[in-house]
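Below: the structure, in structure tokens.
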2 protein chains.
Amino acid sequence: MKNTGDRRRTIYDVAKAAGVSISTASNALNGTGRTNAETRERVRRVAEEIGFRPNALARGLLSKRSHAIGMLTNDTYGRLTLPMAAGVSEVLVDHGVSVFLCATNNDPRLAQLHLEALLDRQVDGIIFTATRLDLAPPVQLSRLPIPVVYVFAEGPADSVTFFPDDEQGARLAVDHLKELGRSRILHITGPRDYLAARIRAQSYLDACGDGAEAMFGEWSEEWGHEAVQTVFARPGPKPDAIFCGSDEIARGVIDALRDLNVEIPTDVAVVGFDNWEVVARQTRPPLTTIDMELKELGHRAGLAILSLSKGEPVPAGITRLPCRLVVRQSCGSPLQSD
Amino acid sequence: MKNTGDRRRTIYDVAKAAGVSISTASNALNGTGRTNAETRERVRRVAEEIGFRPNALARGLLSKRSHAIGMLTNDTYGRLTLPMAAGVSEVLVDHGVSVFLCATNNDPRLAQLHLEALLDRQVDGIIFTATRLDLAPPVQLSRLPIPVVYVFAEGPADSVTFFPDDEQGARLAVDHLKELGRSRILHITGPRDYLAARIRAQSYLDACGDGAEAMFGEWSEEWGHEAVQTVFARPGPKPDAIFCGSDEIARGVIDALRDLNVEIPTDVAVVGFDNWEVVARQTRPPLTTIDMELKELGHRAGLAILSLSKGEPVPAGITRLPCRLVVRQSCGSPLQSD
DNA sequence: AATTTATGCTAAAAGCTTTTAGCAGAAAAA
DNA sequence: TTTTTCTGCTAAAAGCTTTTAGCATAAATT
């Protein structure tokens, strides 16, 4: 008597098969109202048998909660979005909440279209994410009737926002280098107009004090390569460690150092930022780097939007989640499996 | 009289404001039934004014079509999934269809959970995607009441499936090398138990004939590096071109060649596979490679599931979409901007 | 014995939309 | 004039669930 595939079973089918009314069936299944234990069991058994599953549309229509949220991203080739989206999805699926993924391509028309579709679908909330921390969303998200959470993206002043703690991450890198006895630490990072780059650089400067130098450039291997060549070509003392603003830069740095016959980590230790495994694992030697815990960011954002959608209070403002140091072999630490 | 944010406007509000019945309002808005042109315009204007947008839940409940689909993936760090998902989303948003993203992490329990949630939500179809072509889905997808499309993943024999055309892609690479006058072409690729690796290798062998050699190993830079060392250490003629099974391998190959002071492309030309920009653009010289057109795969899968969900016929079986040669500088072609 | 309380169930409404069937009135045909 | 056709609208049903209000019956209290 399993569902024979002709059409989905409804609670009406359950009620009929169990010989009770629809309301009793509903009460029995949800544990609401007053039901005899025996009836309750019977209804549940019957529901199980015929393969009844409540229609989420009907349920959402009534409760005005769709148990779905939208995730708006402007990143399409992103190593950032998918780990976060997976984190969101992972933490919400156990609460019966599904995630609409909307890739806006940074196109305002597309963003507007997606936003309207999400509202029409009565989503319980929206998570906005971007590839840059300081880029405004391509669409007006502030006066919405549903909660919005920003993750890896800047929202209005009083919004709920999650960022990786760039300052702490940078400190983690510098402290690690210092603990290993390095004293002349150089910082090579991305463009100065990226907030994240500025924060990391400032944290590095605060930690290293006099003689510290932050070189801003591009988020590319090429820039890392070029910066190293510049530094090693000019007169004066050479660094014994380089803290890079991204793993890609670190990769360029490592290549350039090898070209110069500088030993890693003996002569110069290198730390990256991102823990982008496919890069960090493949450098020679494998790269010690900072992980931004993207999945955890997704978890937190998911839980926040869940609370907000239930009307529970969530502290507004920016929450910065700690980064994690991933030790590989580019700093001369005791070799350890990763 | 714009929506003041207290609650969403319903068609009841439209009807009242326009002084007509609910059915007339619905007919006017959808162009169904018989309506006077003047009334129709008035209703539409009023709807616009008060910011009415139909509730997708109610609509879906009635029509039994939710205008949403699910995308099931077992890849979480994927450079593959997001471009495809973006392609799907992009092509469907204009048809009013939204996409649920479900990351299964290759965990059958999670996959089952997601699948049930999707069915409860009455999705119109499911797109399954994986990181490997020949991996079975972690959950039973065959006897579902809704259509399923497989993309970059293997489905049952009679299912609708989209793959990149690995054979054509490999041929593209080999032909390109031959046209440039290379004759001793070597193939370095991933593990033999990957279907894609076998297809590409076979295509390469067919095109190159006698003396061709396919070396199977890992999908890693390290393997590319190691393979080159092996080949150049042994006696006998050396290749004048290397076709790599992935951009990562190509990267390792290029590094190893540089270590051996072999000039690229003068002595050896290199072609990759993936057009994974962040790798292919950063090698020195930038890598000529094969693009699998992941976004286009997403487009096609999206259109296929759309047709299927409307009951329109879609040819079953495997459709292989052509790959594209991306010329950069690792083969000695005339330098061109990319 | 008469009244109150508790128990287990059900009918009906609500949530929002689309579709079906059908009702008046006007215009056209007989 | 009477009958038919057409036009423009509306009431009501359907889609599936949860919740509210309430109805019998049995048990407990006065």
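Each chain gets a letter, A, B and so on, in the order its sequence line appears, and its residues count up from 1.
- The main-chain N or O of A/Leu303 is found under 3.5 Å from a side-chain atom of A/Ser307 such that the two form a donor-acceptor pair.
- By the 6.0 Å contact criterion, CD on A/Glu312 is enclosed, its count of non-hydrogen atoms from other residues, nucleotides or ligands being greater than 12.
- Within the 3.5 Å criterion, the main-chain N or O of A/Thr10 finds a donor-acceptor partner in the side chain of A/Asp13.
- The closest donor-acceptor contact from the side chain of B/Arg40 to the backbone of B/Thr35 lies under 3.5 Å.
- Formation of a donor-acceptor pair under 3.5 Å by the A/Thr73 side chain with backbone atoms of A/Thr81 is not found in this model.
- Judged by closest nucleotide on DNA chain D, B/Arg40 is the one of B/Lys64 and B/Arg40 placed further toward the 5' end.
- Residue B/Thr10 is classed as a sugar-phosphate contact, given heavy-atom separations below 4.0 Å to backbone atoms only.
- Sequence order on DNA chain D of the closest nucleotides to A/Ser23 and B/Asn27 puts B/Asn27 first from the 5' end.
- B/Asn55 places a side-chain N or O within donor-acceptor distance of the main-chain N or O of B/Leu57, the cut-off being under 3.5 Å.
- Considering all non-hydrogen atoms of both residues, B/Gln122 and B/Ser66 come closest at O-OG, 2.8 Å.
- Of the residues in residues 55-63 of chain B, those with a non-hydrogen atom less than 4.0 angstrom from any atom of DNA chain D are B/Ala58, B/Leu61, B/Leu62.
- We find that CZ of A/Arg34 is positioned 9 Å from C1' of C/dC9, with the value rounded to whole Å.
- Nearest approach of A/Ala86 to A/Lys295, heavy atoms of both residues: CB-CE, 4.4 Å.
- Using a 4.0 Å cutoff to heavy atoms of chain B, the contacted part of DNA chain D runs 5' to 3' from D/dT7 to D/dC16.
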